[in-house]
Amino acid sequence: MFDDIKSQIALRIDAYCQQNDLPTGKVEFRSIPFSGEWGMAAPLFPLAAADPNKTGPVPQHAQHLAERLKDAIALPEGFTRSEAIRGYLNLYFDTALYAASVIDQINREGAQFGNAPAAGQTVMVEYSNPNTHKPLHVGHLRNVILGGSVCNILEASGNKVIRANYIGDIGLHVIKWMCNYELYHAGEQPGEDKMRWMADLYSEADRRFHEQEGFEELVRDYFARWDAGDEHIHDLWLETRQWSMEGFEQVYALLGEHFDRIYFESDVEESGKQLVDQLIESGLASDGRPEKPVIVDLDAILGTKEEFRVAVILRSDSTSLYATKELPLAIMKFEEYDLDQSIYVIDVRQSLHMKQMQKLLELMGYPWAKRIHHLAYEIVNLPGNVIMSSRDGTVVLLDDLVREATQRALAVVREKNPGIDATTMTDVALKVALGAIKYPMISRENTKIVTFDWENALDFNGQSAPYIQYANVRANSILRRADKPGAHKASFGYPLEPSEVNLIELLSKLPDEISRSAKEFKPSSLASYAYELAKAFNDFYNQCQVLKAEGEMRVSRLSLVQASKVCLEKTLNLLGIQAPQVM
RNA sequence: GCCCCCGUAGCUCAAUGGACAGAGCACCAGUCUUCUAAACUGUAGGUUGUGCGUUCGAAUCGCACCGGGGGUACCA
């Protein structure tokens, strides 16, 4: 916002510099910290340091220059005063004009506010990537929330986004599950909660595999029949995979996620093996079978040392690996869509593998290989640096977490707002619970480990999603009680409270915040912003009366509340968090 | 060994190279006859892991250490 005014003033400063033997292009504006008053500031240290005629230390000279510029630059329309202080040139806006133009723009654009115009870029984001026949736990949640939020943010900043999900539908875990099913649960059908049922059978199969005498043998035999193309097993696989997929759909629906394109691991296994053959023929890969696997010695090819290492692309027994399938999948994506960027939301432990895949695709001559980006994020731990593992029984199941959080949220709603009907109450509780669960997953930087603990996840106070949701509910509550919600034209022709100025300033930053978090694939910065915005609103709410105010103050404040609601809801939605209207 | 990530208040985390490093939780002291107290105000809490460098200016950039985590030829 107001970039044109900033550059206009920068031009005037440059003109002054040119006339006075000073270097140009050294002055840039930023916002002023701790302002109770809205304005912008230019540090003059770069100019001072570059001034050939400077006498004395830089800070003093910067202050001197700030004073000279303060006198020399005529204030453009909309500014009230300027000051030179501690080496900074500060310019202050006419508060009423500024406030009115920000708030009017927000209320005019509504939910579109902050969006960048379409840039014609197509981006695919691959995320979630669950294994069928296995449960989703809290560790997987971070991936889904992060990926979904990144998609939302990229869309808001003008990209066409394709949400892709790559499903692990083959492998030992699937065979284990089916073998156990046929032996001990033949003919059984999943109940209402498919995910839970599949998960229970999976842990049963896994337990037998490790503990039950002879079960592993049975699984190996079963695997051999699968490999031989046993029709019955194939049919069972399709049926049980579908159950899993329906279980995933239930979870995605709960979380508010959807996908545009589903890829199955089984779809790319054959093409992967063919690709390996081609790589051997072309000489890039060396075939060590039957004793050793098929590898690509990237360091040897590139002349690097312990940087890309050796990529293993096919087992010595000719069965496929992760890498075998990753290659054709990448190719398929670019053949199917004209992608400007292909993003993989995968945890940081796979960084080397991603690096190898990208380099290998590059060596294979695909020019788009450079447009692959691994969006690495850290895992979710349990307190004491315990990694979630289904083997050790340390997983926190999504189901349990959501149920517990919803119950707690319901208890709070019942206490705080007993008047609302039962349907609304459960709806609100679910939105609050999901928000509370999601927020810690995206409010930390991608590269930081999230430690899950129940106490924290179920805390609805302070720096949390419910805090932000509550601020929005308060805004909604005011608007609901006002006579004509939405029809308020701001003028701000009265002395604004610092809390109002602060709130308006934050509101004006939304477009910048969206583009910044899109550029860095960092929902966390937007999550911080959402919290700051809610805090600023609560401060305003506490200090300024709206409904009891009169005249243009009332009208202006109502429009400010309306704009706050627009921005709070927008930000929450970008983070994948729903905004209830009452709490 | 080599590579990547992390290290900021007791705990969990913020902070485009910019003004005095900020929040939440916990602790202590206050605020509901008021648009919903899931809120707000105040007190206290810091050698930004250590050292050297770059810079007018470093939590932020570089180098070297220390501590923790992860990866490193047939798991994904």
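In what follows, every chain begins at residue 1, and chains take the letters A, B, ... in the order their sequences are listed. Note that these values count all heavy atoms, side chains included, but never hydrogens, waters or copies made by symmetry.
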Next on the checklist: What is the separation between atom CG on A:D317 and atom P on B:C74, rounded to the nearest whole Å?
Outcome noted: 13 Å
Next on the checklist: Tell me whether A:R241 forms a cation-pi arrangement with A:F264, defined as NZ or CZ under 6.0 Å from the six-membered ring centre and within 45 degrees of its axis.
Outcome noted: yes
Checklist entry - Checking all strands, does A:K305 fall into the base, sugar-phosphate, or nothing category for heavy-atom contacts under 4.0 angstrom? => result nothing
Next on the checklist: Does B:U16 have OP1 or OP2 under 4.0 Å away from a side-chain N or O of A:R516?
Outcome noted: yes
Checklist entry - Hey, does A:I346 reach any base, or is it just sugar-phosphate, or nothing, if we go heavy atoms under 4.0 Å? => result nothing
Checklist entry - For A:R86 and B:G18, is the shortest distance between a side-chain N/O and OP1 or OP2 below 4.0 Å? => result no
Next on the checklist: Under a 3.5 Å cut-off for both contacts, is B:C56 paired Watson-Crick or G-U wobble with anything, and if yes, with which nucleotide?
Outcome noted: B:G18
Next on the checklist: Could you tell me the Watson-Crick or G-U partner of B:G1, where both distances fall under 3.5 Å? Say none if there is no partner.
Outcome noted: B:U72
Next on the checklist: In whole Å, measure the gap between the C1' atoms of B:G17 and B:U60 for me.
Outcome noted: 7 Å
Next on the checklist: Could you identify the nucleotide paired to B:C65, looking across every strand shown and requiring Watson-Crick or G-U wobble geometry with both distances under 3.5 Å?
Outcome noted: B:G49
Checklist entry - Can you find a donor-acceptor pair, distance only, under 3.5 Å between A:Q350 side chain and B:G71 base? => result no
Checklist entry - What's the CZ-P distance between A:F45 and B:G57, to the nearest Å? => result 11 Å
Checklist entry - Does a side-chain N or O from A:Y322 land closer than 4.0 Å to OP1 or OP2 of B:C74, or not? => result no
Item to check | Distance between P atoms of B:A64 and B:G1 (Å, rounded) | outcome: 14 Å
Checklist entry - Under 4.0 Å between a side-chain N or O of A:T447 and OP1 or OP2 of B:C6? => result yes
Item to check | Sugar-phosphate only, base, or nothing, as touched by A:Q63 at under 4.0 Å among non-hydrogen atoms | outcome: nothing
Checklist entry - Given A:D169 and A:S266, is the side-chain hydrogen bond (donor to acceptor under 3.5 Å, both in side chains) satisfied, shown in steps? => result CA-CA 6 Å; A:D169 62 340; A:S266 56; 2.5 Å; yes
Checklist entry - Taking CE from A:M553 and P from B:C35, how many angstroms apart are they, rounded to a whole number? => result 18 Å
Next on the checklist: Expressed as a whole number of angstroms, how long is the span from A:N446:CG to B:G69:P?
Outcome noted: 22 Å
Item to check | Between B:A44 and B:C28 - C1' atom distance, rounded Å | outcome: 8 Å
Item to check | d(CD1, A:I379; P, B:G68) in whole Å | outcome: 17 Å
Checklist entry - To the nearest angstrom, how far is A:N417 atom CG from B:C32 atom P? => result 22 Å
Item to check | Strand partner of B:C25, provided both Watson-Crick or wobble distances fall under 3.5 Å | outcome: B:G10
Checklist entry - In whole Å, what separates the C1' atom of B:A19 from that of B:C5? => result 32 Å
Next on the checklist: If you compare every side-chain N and O of A:K448 against the phosphate oxygens of B:U12 (OP1, OP2), does one of them come in below 4.0 Å?
Outcome noted: no
Checklist entry - Of A:A323 and A:V58, whose closest RNA chain B nucleotide lies nearer the 5' terminus? => result A:V58
Checklist entry - Is any side-chain N or O of A:R309 under 3.5 Å from a base N or O of B:C2, one able to act as donor and the other as acceptor? => result yes
Checklist entry - Among B:C35, B:C13, B:C74, which nucleotide sits nearest the side chain of A:R444? => result B:C13
Next on the checklist: What contact category does A:E445 fall into here, base, sugar-phosphate, or nothing, at under 4.0 angstrom with non-hydrogen atoms?
Outcome noted: sugar-phosphate
Checklist entry - Rounding to the closest angstrom, what is the interatomic distance between B:G69 and B:C13 at atom P? => result 16 Å
Item to check | Any A:K355 side-chain N or O less than 4.0 Å from OP1/OP2 of B:U72 | outcome: no
Checklist entry - Which part of the nucleic acid, if any, lies within reach of A:P46 when heavy atoms closer than 4.0 Å are counted: base, sugar-phosphate only, or nothing? => result base
Checklist entry - Is A:V561 touching bases, backbone alone, or none of the nucleic acid, heavy atoms closer than 4.0 Å? => result nothing
Checklist entry - Is the base of B:C25 syn or anti, where syn means the angle lies within 90° of 0? => result anti
Next on the checklist: It should be established whether A:Y467 places a side-chain nitrogen or oxygen under 4.0 Å from OP1 or OP2 of nucleotide B:A37.
Outcome noted: no
Checklist entry - What is the nucleic acid contact for A:L321, judged by heavy atoms within less than 4.0 Å: base, sugar-phosphate only, or nothing? => result sugar-phosphate
Checklist entry - With under 30° as parallel and over 60° as perpendicular, where do the rings of A:W454 and A:F452 fit, or are they tilted in between? => result perpendicular
Checklist entry - Is there a side-chain contact (heavy atoms from CB on, under 4.5 Å) between A:L547 and A:I478 once you walk through the steps? => result CA-CA 7 Å; A:L547 294 176; A:I478 293 174; 4.1 Å; yes
Next on the checklist: For the P atoms, the ones on B:U8 and on B:C3, what distance do you get once it is rounded to whole angstrom?
Outcome noted: 24 Å
Checklist entry - In whole Å, what separates the C1' atom of B:C25 from that of B:A39? => result 16 Å
Checklist entry - With a 4.0 Å cut-off on heavy atoms, is A:Y531 in touch with a base, just the backbone sugar-phosphate, or nothing at all? => result sugar-phosphate
Item to check | Sugar-phosphate, base or nothing in reach of A:N542, heavy atoms under 4.0 Å | outcome: sugar-phosphate
Checklist entry - Ring-on-base stacking between A:Y88 and B:A19, under 5.5 Å between centres and under 30° between planes: is it there? => result yes
Next on the checklist: Say we look at B:C52 and B:A59: how far apart would their P atoms be, to the nearest angstrom?
Outcome noted: 14 Å
Checklist entry - Within the modelled atom types, does a donor on one side and an acceptor on the other bring the side chain of A:S316 and the base of B:C74 under 3.5 Å apart? => result yes
Checklist entry - Is the phosphate of B:C35, meaning OP1 or OP2, less than 4.0 Å from a side-chain N or O of A:R557? => result no
Checklist entry - Starting at CD of A:E307 and ending at C1' of B:G71, how long is that distance when rounded to a whole Å? => result 14 Å
Checklist entry - Does a nitrogen or oxygen in the side chain of A:N461 sit under 4.0 Å from OP1 or OP2 of B:A39? => result yes
Checklist entry - Roughly how many Å is it from CG in A:L352 to P in B:G70, rounded to a whole number? => result 16 Å
Next on the checklist: Once you measure the plane-to-plane angle for A:H173 and A:Y202, does it fall in the parallel (<30°), tilted (30-60°) or perpendicular (>60°) bin?
Outcome noted: perpendicular
Checklist entry - Would A:K431 and A:D427 pass as an ion pair if we require N to O under 4.0 Å? => result yes
Next on the checklist: Between A:R315 and A:D317, does any side-chain N to carboxylate O distance fall below 4.0 Å?
Outcome noted: no
Checklist entry - What's the closest nucleotide to the A:V546 side chain, out of B:A37, B:C35, B:C40? => result B:C35
Checklist entry - Which part of the nucleic acid, if any, lies within contact of A:V473, taking any heavy atom under 4.0 Å across all strands shown: a base, the sugar-phosphate backbone alone, or nothing? => result base
Checklist entry - Nearest 0.5 Å, what's the CD-OG distance between A:E520 and A:S515? => result 9.5 Å
Checklist entry - What does B:C40 pair with, Watson-Crick or G-U, if both distances are under 3.5 Å? => result B:G30
Item to check | Atom pair NZ/CD of A:K355 and A:Q350 - distance to nearest 0.5 Å | outcome: 15.0 Å
Checklist entry - For B:C75, does OP1 or OP2 lie under 4.0 Å from any side-chain N or O of A:R349? => result no
Checklist entry - From the list B:C25, B:A23, B:C74, which nucleotide is the closest neighbour of the side chain of A:Q463? => result B:A23
Item to check | 5′-ward residue of the pair A:E306/A:E415 relative to RNA chain B | outcome: A:E306
Checklist outcome for this item: Side-chain contact check for A:P293: nearest option of B:A19, B:A73, B:C40 is B:A73
Next on the checklist: Checking the side chain of A:N165 only, and the main-chain atoms of A:N129 only, is there a donor and an acceptor separated by less than 3.5 Å?
Outcome noted: yes
